[in-house]
Each structure stands twice: as C-alpha cells, then as structure tokens.
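All values below were derived from every heavy atom in this structure, side-chain atoms included, with hydrogens, water molecules and symmetry-related copies excluded. Naming convention: chains lettered A, B, ... in sequence-line order (proteins, then strands); numbering from 1 in each chain.
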Number of protein chains: 2
Amino acid sequence: MKLSKKSDYALRAMIYLSMNYQRGAVQIKEISAKEKIPQKFLENILLALRKAGILNSKMGLRGGYELARSPDLITLGDVIRVLDGAIAPVNCVSQISYKPCSVEVTCVIRGVMMDVRKAITDVLDTITFADMCKRVKDSLEKKESEVLTYAI
Amino acid sequence: MKLSKKSDYALRAMIYLSMNYQRGAVQIKEISAKEKIPQKFLENILLALRKAGILNSKMGLRGGYELARSPDLITLGDVIRVLDGAIAPVNCVSQISYKPCSVEVTCVIRGVMMDVRKAITDVLDTITFADMCKRVKDSLEKKESEVLTYAI
DNA sequence: CCAATTGTCTATTAATATGGTAGATTTAGT
DNA sequence: ACTAAATCTACCATATTAATAGACAATTGG
C-alpha cells in the first residue's frame with residue numbers, strides 16, 4: 001500500500017513542470033537539480049510520461065519537457081497509473097471462483113478491496129496539478145506569514 | 001498500492017477463524033487446506049498475528065489458533081498493519097524540511113497522501129471481521145437463491 | 001557544416017521485498 | 001513415553017524497485 005519512489009518523483013517533477021507551465025521547455029537537468037532526483041532515473045520517468053501523452057518533449061539544444069495540456073486537465077491518478085500501473089489493490093483475488101463453497105471467502109475480500117480502490121481513486125482522480133500548484137502557493141504564503149509572526 | 005499475498009492470506013485465515021469462533025482452537029493444517037494457503041507460509045502469518053495479540057494459540061495435542069477477542073472487535077486494518085506494516089503511503093516523504101523554498105513541493109504531496117491514507121483507513125478500520133462474516137453469509141444466500149432461480 | 005546540447009533507447013546492476021521452504025525444538029494431551 | 005501441535009531459526013529463489021551506463025538521434029546556434 002505504498003507509493004513507489006518512481007511515482008513520488010513523477011509527482012514532484014509534474015508539480016515542477018506545472019509551476020513552470022507556459023515557460024516553455026524545461027530540461028531534465030534543471031528538474032533533477034531543483035527536485036533532487038537522480039537525473040538518469042528521472043529520464044526514464046519523463047520518457048514514460050511522454051509516451052503516455054502527458055508530456056511533450058523537444059530534442060536538441062534548448063529542448064526539454066513541458067505539459068502536453070493544461071495542469072487542470074491532469075490528475076495525480078493519471079500520473080501514478082503510468083508509473084505504478086493500476087492503482088487498485090484488486091489482484092489480491094486473481095480468479096473468480098463460482099463454487100458456492102462456504103469457505104470461499106475471497107469474493108468478500110474482493111468486495112472490500114473495491115471499496116478501498118474507490119476511496120483512493122476518489123482522491124487521486126479528483127486532484128489536478130492545478131490544485132497542487134495552488135496548494136504549493138498557499139503553503140508558501142502560510143509559511144511566510146508564520147515567519148513574520150515569529151519575527152514579531 | 002497493492003495488498004500483499006501475506007495480508008490477503010491473513011484476511012482469509014481471519015475470516016475462517018471468525019466463522020469458526022466459539023468452536024475452540026482450529027489447527028493451521030485445517031485453515032491451510034480449506035483456504036488453500038501454503039501451510040508453512042501460513043504458520044509465519046498466524047505467528048505474527050498471535051504476537052500482535054490478535055490471536056491466541058494452544059500448543060500440543062488438540063492445540064491450534066483462535067481469535068483473542070470477538071470478531072466485532074477486530075478490524076481489517078488491525079490485521080493488515082501486522083503483516084504489511086503501516087497502511088499509509090506517507091513514506092514518500094521521509095524528512096520534513098522547513099525551508100521555505102519555492103520548489104520544495106514534497107510537503108504538498110505529503111498532504112495529499114494524508115488524504116489518501118485517511119480514505120483507506122476509513123474503510124479498513126471500520127470493517128470488522130463480524131461484518132465480513134455477515135457478508136459471507138449474505139453472499140452465500142444470494143448465490144443459493146440465484147441457483148434456485150436458474151433451476152426453475 | 002559542425003559542435004554542443006538535449007532527449008531516446010537498450011542494457012545492466014545492486015539492493016530489497018516477496019513468497020515460500022526445511023528442519024530442529026518445545027509444549028501439551030493421552 | 002508417544003504423538004500432535006505450535007515455535008523458532010534459518011534459508012532460498014524470484015520479482016520488483018531504484019538506480020546507473022553508455023551508445024544513439026535530433027536539434028540548434030554559430
């Protein structure tokens with residue numbers, strides 16, 4: 001039940017690109033440095049996101065990556081699915097058995113896991129990277145005012 | 001974001017033991033056979049649950065395992081935490097940094113993951129094994145009535 | 001055109017987690 | 001004492017995760 005490093009890095013890179021939307025192509029190198037993500041690892045991640053149609057890339061000098069569409073049209077779920085595959089913990093039940101056997105309780109577990117999946121996706125498929133940018137800005141403002149308060 | 005085989009087996013064994021609550025000690029061998037779980041693997045799992053205080057065991061002849069308390073006092077979350085550790089996907093952010101740096105977006109991801117954790121635990125910490133027993137019985141009744149319908 | 005820069009692709013590696021097994025030991029009932 | 005059960009310690013194979021290496025392709029500025 002854990003977010004992989006890959007998805008974690010992907011989210012961070014996506015937030016960075018969202019904060020820099022309309023600035024044009026941003027280089028892997030820059031994202032890697034600012035977000036402290038191993039560059040070569042990040043290459044694979046961004047490549048996967050490009051192949052999934054979430055990012056666009058430009059090769060060569062002054063090339064880089066940028067969002068393929070507006071941040072408010074990309075959800076966290078979109079990104080996590082690319083890196084980690086399906087979000088649902090449903091493969092706990094591989095094959096559905098139709099035997100009306102009194103100890104065949106797997107379908108019951110399956111039922112609960114469907115609920116869990118829904119609970120997760122209700123969060124991840126709702127929050128967009130535009131929301132994330134807003135949260136970043138809010139948290140920065142809050143921090144600044146806190147600093148001010150402490151200074152006084 | 002996946003339930004481990006270990007937790008899956010644990011849930012199944014726990015449902016089995018809940019269905020057989022007040023019958024006294026049940027042997028690993030029986031659970032293993034009925035739920036088709038590798039016996040030696042199941043040993044480790046039940047041992048972990050006993051050490052966590054969720055099961056009681058009796059050694060020796062006619063020994064076995066039984067719930068340490070009533071099924072309605074044990075939640076799915078209790079069990080999963082024992083086998084898979086913390087449910088929260090929060091270690092995506094290891095250390096909290098207080099730098100008010102404009103690209104320090106980790107805390108924002110952390111915030112979302114707290115929401116996800118809450119969504120998951122709202123399900124898993126609410127459903128008890130008594131509920132699971134009820135679901136098993138309901139699904140059996142439903143199947144029987146379906147069979148009847150098809151037979152007519 | 002050329003050289004520098006940047007993304008693309010294919011492998012490989014190291015570390016860790018997962019799923020499962022083996023066998024000796026302890027405990028308790030008959 | 002004998003037997004059936006849990007317990008403990010250790011091990012192994014495989015898969016996944018996280019990360020790295022290096023050759024290759026495309027683009028642009030000069």
Note to self: Rounding to an integer number of Å, can you tell me how far Tyr9(A) OH sits from dA19(D) P?
What the structure shows: 4 Å
Notebook entry, point to check: Are Lys137(A) and Asp131(A) close enough for a salt bridge, meaning some N to O gap below 4.0 Å?
Noted result: no
Margin query: Closer than 3.5 angstrom, by distance alone: can the side chain of Ser32(A) be matched with the main-chain N or O of Ile37(A) as a donor-acceptor pair?
Written below: yes
Next item on the list: Provide, to the nearest angstrom, the distance between the NZ atom belonging to Lys2(A) and the C1' atom belonging to dT16(D).
Entry: 12 Å
Next item on the list: Please state how far atom NZ in Lys6(B) lies from atom C1' in dT14(D), giving the value in whole angstrom units.
Entry: 15 Å
Item checked: Closest to side chain of Lys29(A), choosing from dC8(D), dT6(C), dA19(D) -> dT6(C)
Next item on the list: To the nearest Å, give me how far apart CG (Leu83(A)) and C1' (dA19(D)) are.
Entry: 14 Å
Notebook entry, point to check: Considering heavy-atom distances to DNA chain C, does Asp84(B) or Lys40(B) have its closest nucleotide positioned more toward the 5' end?
Noted result: Asp84(B)
Note to self: From C-beta outward on Leu47(B), which listed nucleotide comes closest to its side chain: dA26(D), dA28(C), dT7(D)?
What the structure shows: dT7(D)
Check: Between Gly60(B) and Ser7(A), who's closer to the 5' end of DNA chain D by nearest nucleotide?
Finding: Gly60(B)
Margin query: Counting only side-chain nitrogens and oxygens, does Lys5(A) get under 4.0 Å of the OP1 or OP2 atom of dA19(D)?
Written below: no
Item checked: Distance, rounded to the nearest Å, where Lys36(B) contributes NZ and dG20(C) contributes P -> 15 Å
Next item on the list: Find the distance Phe41(B):CZ to dC11(D):C1' and express it as a whole number of Å.
Entry: 14 Å
Notebook entry, point to check: Relative to the 5' end of DNA chain C, which residue comes earlier, Gln39(A) or Asn44(A), by the nucleotide with the nearest heavy atom?
Noted result: Gln39(A)
Next item on the list: Begin from the C-alpha positions of Val79(A) and Leu49(A) and carry the test side chain to side chain contact (heavy atoms under 4.5 Å, CB included) through to its verdict.
Entry: CA-CA 7 Å; Val79(A) 170; Leu49(A) 289 171; 4.1 Å; yes
Check: So does Arg69(A) have more than 12 non-hydrogen atoms from other groups sitting under 6.0 Å from CZ?
Finding: yes
Checklist line | Toward the 5' end of DNA chain D, by each residue's nearest nucleotide, Ile28(B) or Pro38(A) | finding: Ile28(B)
Checklist line | Interatomic distance, Lys51(B) NZ vs dA6(D) C1' [rounded to whole Å] | finding: 11 Å
Check: Okay, side chain of Arg81(B), backbone of Gly77(B): is any donor-acceptor separation there less than 3.5 Å?
Finding: yes
Next item on the list: Whole angstrom is fine here: how far is it from CG in Leu55(A) over to P in dG7(C)?
Entry: 12 Å
Notebook entry, point to check: Within the pair Ser57(A) and dT8(C), is there a side-chain N or O less than 4.0 Å away from OP1 or OP2?
Noted result: yes
Margin query: With a 4.0 Å cutoff (strictly under), does any side-chain N or O of Arg50(A) reach OP1 or OP2 of dT8(C)?
Written below: yes
